[in-house]
Amino acid sequence: MNQIIDISTGQLLLALLFILIAQASSFIYHLGLNRDIAIGTLRTFSQLFLMGYVLTFILKTSNPWLTLSVFMVMVVSAMFIIKGRVKEKQIPYILPTFLTMLVSYLATALFVSGLVIGITPWWEPRYFIPAGGMVIGNSMSALAISLERLFKDMRQQKDVLEMKLSLGANYREASNDIFRNAVTAGMIPSINAMMGVGLVFIPGMMSGQILAGTDPLIAIRYQIVVMLMLVGSTAVSSVIVMLIIRRRCFGSGEEVLLTPR
Amino acid sequence: MTSLLDIRDISFAYEGSPPVFEHLNLTVLPGEFILVKGPSGCGKSTLLRLICRLNQLTGGSILFQGSDIQSITPAKLRSSISYVAQIPQMLDLSVMENLLLPFSFAINADKSPPGKNELSVMLKIFYLSDVSLDHSTMKLSTGQKQRVAIMRALLQEPLLLLLDEPTSALDQESALMVFSIMERLNVEQRRTVITVTHNDYQPETVKSLTYTLANRSLHRSS
């Protein structure tokens, strides 16, 4: 009963039928998504297979530096994905975002694996890498949404910002609404996930544990820790990044640096 | 008399563009009414924005009450030098909430906001007697918004008022009202005013100093 059913290569290829359906929909309705779906499918296969082999190797060698290197690669990859999505050329946001991501994600993953779950050693790759991956993946989307919103609103509301500055507001007072909206926009998906978890969907990690034969009551405990960890890390990284980047949108005279595109 | 504003040999250029103006000088005494004229795009608005640091100088210096504006906290500088933009900006709130906006900022924390009666009296002075304090500013005409914007700028008692083409978007009747307000502020309250315009406005009731900004430099016209 508890034995895991392996998925053969043939069965894996059978799952490609779902992609064929998506491709057909895009073709018939001229959605223009055929290329993206094809690339996405290839990347899903190649990246996950690569990750599978890497994880197998890391679990076998059980080396802290190797574990941290994989974590580092994940953060750098997340930064590249954010850079691809947030097309901002005027304000240098990459380095502060990367450093905040690195520090806050590392702190969260350490806190969860070392203190909450209490693994010894704290870097045990079987726990540390999945926990880190979930934090990075979730928070990466939140940061991309928040940054896009911050830059867009700053540009669109430049006249209002300058009106407030002209009336004696400091840059924080002038941009409070924009800051709040940017952080909120990034955090809503994580909060919505907390609302729907267990009712609307069963999260991937919990499903995986149950499929692997773990007692559902243990799986839900892990999932609760993960949900809380995701909201916390998203909040911390979004707030810190938005605080730093918001300041960078203003010059030394607290003038708005962003110009309309 | 000690000058209120000293513009010393300033230059400004947008990044990667030729200079808007170079080696520009101007001294403003308290109570003066300065009119800066010039064709569109000659840098008149930029000059006002440099004075309140909404743009940064690329050369020279500006002294306000003897201190370099770079050494004054931006919020403090802008509560002493009020800039009203060409297109008045309002928050989607009532007239009263917009008028009291400056008092929600830390720099004005020690100033007591005017009461409803005081504001109602001011509305009349600004030819806004048909506007109620509870009115949404989104329902005001551009001319009415411009007068509310000037009134709001004045409520924090600035030492210098900068008006950027205050009548360019207005019909003749509204423009005349704004001109009249500007002149009365100077005559009755001894407010120091610098206004820029590209039209033929010439103050009737105040003694003004007119400058022309053209070919990257500023010349006294009268």
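Below, all heavy atoms of this structure are taken into account, side chains as well, without hydrogens, waters or symmetry copies. Sequence lines set the chain letters: A, B, ... in the order given, protein chains first and strands last, and positions in each chain run from 1.
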Closest non-hydrogen atom pair, B:S82 against A:S166 | OG-O, 4.1 Å
Interface moiety of B:A149 toward chain A, non-hydrogen atoms closer than 4.5 Å = neither
B:P88 versus A:M163: any side-chain heavy-atom pair under 4.5 Å?
-> no
Backbone of B:Q56 reached by a side-chain donor or acceptor of A:E255 within 3.5 Å | no
Could you look at B:L54 and say if it's the side chain, the backbone, both or neither that has a heavy atom under 4.5 Å from chain A?
-> both
Where A:L167 and B:Q156 come nearest, the two heavy atoms and their spacing = O-OE1, 3.1 Å
Quick one: does B:M90's side chain get under 4.5 Å of A:V160's, heavy atoms only?
-> no
Would you mind checking which part of B:S80 comes under 4.5 Å of any heavy atom in chain A, side chain (CB onward), backbone (N, CA, C, O), both or neither?
-> neither
Contact list (residues 23-32 of chain B to chain A, heavy-atom gap under 4.5 Å, by number) returns none
Counting only heavy atoms closer than 4.5 Å, note whether B:R49 contacts chain A via side chain, backbone, both or neither.
-> side chain
Using a cut-off of 6.0 Å, state whether more than 12 heavy atoms not belonging to B:I87 lie near its atom CD1.
-> no
Exceeds 12 heavy-atom contacts within 6.0 angstrom, atom CZ of A:F111 = no
For atom CE of B:M138, decide whether the heavy atoms of other residues, nucleotides or ligands shown that lie under 6.0 angstrom number more than 12.
-> yes
A:K83, NZ atom: more than 12 neighbouring heavy atoms under 6.0 Å = no
Heavy-atom pair of closest approach, residues B:P74 and A:S252 = CG-O, 4.3 Å
Largest heavy-atom contact set with chain B, pairs under 4.5 Å, which of A:L257, A:N170, A:D159 = A:D159
Other residues, nucleotides, ligands: >12 heavy atoms within 6.0 Å of A:F80 CZ | no
Is any side-chain heavy atom of A:K164 closer than 4.5 Å to a side-chain heavy atom of B:L91?
-> yes
Check whether any side-chain heavy atom of B:Y83 sits under 4.5 Å from a side-chain heavy atom of A:E162, and report yes or no.
-> no
Hey, is CZ on A:F27 packed in by over 12 heavy atoms from elsewhere, all under 6.0 Å?
-> no
Can you name the closest pair of heavy atoms from B:A106 and A:E173 and give their distance?
-> N-OE2, 2.6 Å
